S.K.: 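What follows is a structure written as structure tokens; I'll ask about it next.
Not measured: the values here are computed from a predicted model.
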Amino acid sequence: MKNHPMVCDLETGVCGVAGEEELGIIDFNQPKKSIEVYYVTDPICSHCWALEPVLRRFIEQYGHYFNFHTIMGGLLEKWGDGPVDPANGISGPADVVGHWREVGEYYRMPIDGTVMMNNPVQSSYPPSRVFKVIQKNQHDAIAFEYLRRAREALFVFNQNIADTSVMIDIVNKLGLDGVAIVNESEQTSGQQLLNEDFDLARNLGVRGFPTIIIMNEDNKGLKIVGGRPFVNYVEGLKQVLNFEELQPKQLPSLLSLLEKEKLLFSKEIEVMYDLEKSEVISYVKKELSSDQYEMKEILGECYITTK
């Protein structure tokens, strides 16, 4: 999956080429996880950043139906001597800034983008390799948190997440040994782990990010390319399971969600709790006490963090 065009299409949401019955029976047994969900992504994929509010709710409410797998796709191996995507005016990292900002404004997941002019990411492979090493040595949940922290650092706080010191710092803040993990990622074995993901993405027929593939035990399923509304993923899961209805888990409280995520943007709270933008501040004040959070603003969007 090398040298994909660094263009973000708002219509397709892709980075890259690409009523209740009065009486009914309720089964409280945990369903057998016969479904595999593959999320093919990349640390510098702006549409993947935009998808986070929807993806989080899908996993929170319906993750008991499936095993979730995050696959690195390899959006950018390196910038070449010539134009990467001349049709869309992408010749170098500075040309990405406009696309990123457009995605951030459209989906309301903040993207600054000036890092790509001042200290640009030259390849998405280094942070992808770190993800794979954490995934191998620790746990999927910690690797997924690393991916989130890396995207916050890149899109919102303008850090070059392919820089060794930045990667080490992000890993250290997860409570892991950043130096050891980044060093391991730079070995041949780190690239081999990444190549395995590239092979899997290729075998799944993935060409653009984000792509989510929902597959049953007969290896038949559904591919959803690009960022889509929450209902699309729920309906896709129903279709693959061949269920008329699903039993969603109760949504987590805002306090438990914030303690887990550490930082939540307004859009993420809106999607999780079915709120309008104008309702977020009052909802936060109702659900949290003043000593449990800090509210800040960046790029015109408010967000909350733990104190």
S.K.: Would Y125 and F131 count as a close aromatic pair, with their ring centres under 6.0 Å?
M.R.: no
S.K.: Keeping the roles fixed (side chain from S128, backbone from M72), state whether a donor-acceptor pair exists under 3.5 Å.
M.R.: no
S.K.: Verify side chain to side chain donor-acceptor pair (under 3.5 Å) between T188 and Q192, making sure each step is shown before the conclusion.
M.R.: CA-CA 6 Å; T188 303; Q192 287 173 342; over 6 Å; no
S.K.: Do the charged groups of E60 and K260 touch, with an N to O distance under 4.0 Å?
M.R.: yes
S.K.: Assess whether atom CD of E297 is packed by more than 12 heavy atoms of other residues, nucleotides or ligands within 6.0 Å.
M.R.: yes
S.K.: Looking only at side chains, do S123 and R129 share a donor and an acceptor under 3.5 Å apart?
M.R.: no
S.K.: Are the side chain of R228 and the backbone N or O of Y233 linked by a donor-acceptor pair below 3.5 Å?
M.R.: no
S.K.: How about CG on N242, more than 12 heavy atoms from neighbouring residues, nucleotides or ligands closer than 6.0 Å, or not?
M.R.: no
S.K.: Determine, using ring centers only, whether F68 and F58 are less than 6.0 Å apart.
M.R.: no
S.K.: What's the verdict on salt bridge (charged side-chain N to carboxylate O under 4.0 Å, His left out) for D197 and K132, showing C-alpha distance, side-chain angles and the deciding distance?
M.R.: CA-CA 9 Å; D197 269 20; K132 292 304 300 178; 2.9 Å; yes
S.K.: Between L237 and V234, does a side-chain contact (heavy atoms from CB on, under 4.5 Å) hold up when you go through it step by step?
M.R.: CA-CA 5 Å; L237 182 59; V234 178; 5.8 Å; no
S.K.: Answer yes or no: is there a donor N or O on one side and an acceptor on the other, between the side chain of N216 and the main chain of G221, under 3.5 Å?
M.R.: no
S.K.: Answer yes when E105 and R101 have at least one side-chain N-carboxylate O distance shorter than 4.0 Å, and no when they do not.
M.R.: no
S.K.: Step by step, would you call V37 with N67 a side-chain contact (heavy atoms from CB on, under 4.5 Å)?
M.R.: CA-CA 6 Å; V37 172; N67 300 304; over 6 Å; no
S.K.: Could you go through V97 and M117, starting from their C-alpha distance and side-chain angles, then the distance that decides it, and tell me whether this counts as side-chain contact (heavy atoms from CB on, under 4.5 Å)?
M.R.: CA-CA 8 Å; V97 178; M117 293 187 289; 3.7 Å; yes
S.K.: Between R108 and E270 (salt bridge meaning N to carboxylate O under 4.0 Å), is one present in this structure?
M.R.: yes
S.K.: Determine whether a donor-acceptor pair (N or O, by modelled atom type, separation under 3.5 Å) exists between the side chain of Y38 and the backbone of T211.
M.R.: no
S.K.: Flag the pair K136 and E184 as a salt bridge only when some basic side-chain nitrogen lies within less than 4.0 angstrom of an acidic carboxylate oxygen.
M.R.: yes
S.K.: Any donor and acceptor pair, going by atom type alone, linking the side chain of E279 with main-chain N or O of E276 inside 3.5 Å?
M.R.: yes
S.K.: If you count the non-hydrogen atoms of other residues, nucleotides and ligands that lie under 6.0 Å from CG in L255, is the total more than 12?
M.R.: yes
S.K.: Which label fits Y303 and F157: parallel for a plane angle under 30°, tilted from 30 to 60°, or perpendicular past 60°?
M.R.: perpendicular
S.K.: Under 4.5 Å between any side-chain heavy atoms of I269 and E287, yes or no?
M.R.: no
S.K.: Consider side-chain contact (heavy atoms from CB on, under 4.5 Å). Of L204, D199, V206, which one does R202 pass it with?
M.R.: D199
S.K.: For the hydrophobic clusters of this structure (ILVMFWY residues joined by side-chain heavy atoms under 4.5 Å, transitively), does one cluster hold both Y107 and V96?
M.R.: yes
S.K.: Less than 3.5 Å apart, any donor N or O on the side chain of S289 or Q292 sitting next to an acceptor on the other?
M.R.: yes
S.K.: Give the C-alpha distance, both sets of side-chain angles, the deciding distance and a yes or no for side-chain contact (heavy atoms from CB on, under 4.5 Å) between L264 and L254.
M.R.: CA-CA 10 Å; L264 291 166; L254 182 57; 4.1 Å; yes
S.K.: Would you say that V156 contacts F265 through its side chain, given a criterion of any heavy-atom pair below 4.5 Å between the two side chains?
M.R.: yes
S.K.: Would you say K173 has more than 12 foreign heavy atoms packed within less than 6.0 Å of its NZ?
M.R.: no
S.K.: Can N195 and Q191 be counted as having a side-chain donor-acceptor contact under 3.5 angstrom?
M.R.: yes
S.K.: Sub-3.5 Å donor-acceptor pair from the side chain of D112 to the main-chain atoms of N158, do we have one?
M.R.: no
S.K.: Please indicate whether K286 has more than 12 foreign heavy atoms, meaning atoms of other residues, nucleotides or ligands, lying under 6.0 Å from its NZ.
M.R.: yes
S.K.: If you measure from the Lys or Arg side-chain nitrogens to the Asp or Glu carboxylate oxygens, is any gap between E268 and R148 under 4.0 Å?
M.R.: yes
S.K.: Please determine if E301 and K267 form a salt bridge, counting it only when a charged side-chain N lies under 4.0 Å from a carboxylate O.
M.R.: no
S.K.: Between E244 and K238, is there a salt bridge with N-O shorter than 4.0 Å?
M.R.: no
S.K.: Indicate if L147 and I111 have the same hydrophobic cluster label, given that clusters are the connected sets of ILVMFWY residues with side-chain heavy-atom separations under 4.5 angstrom.
M.R.: yes
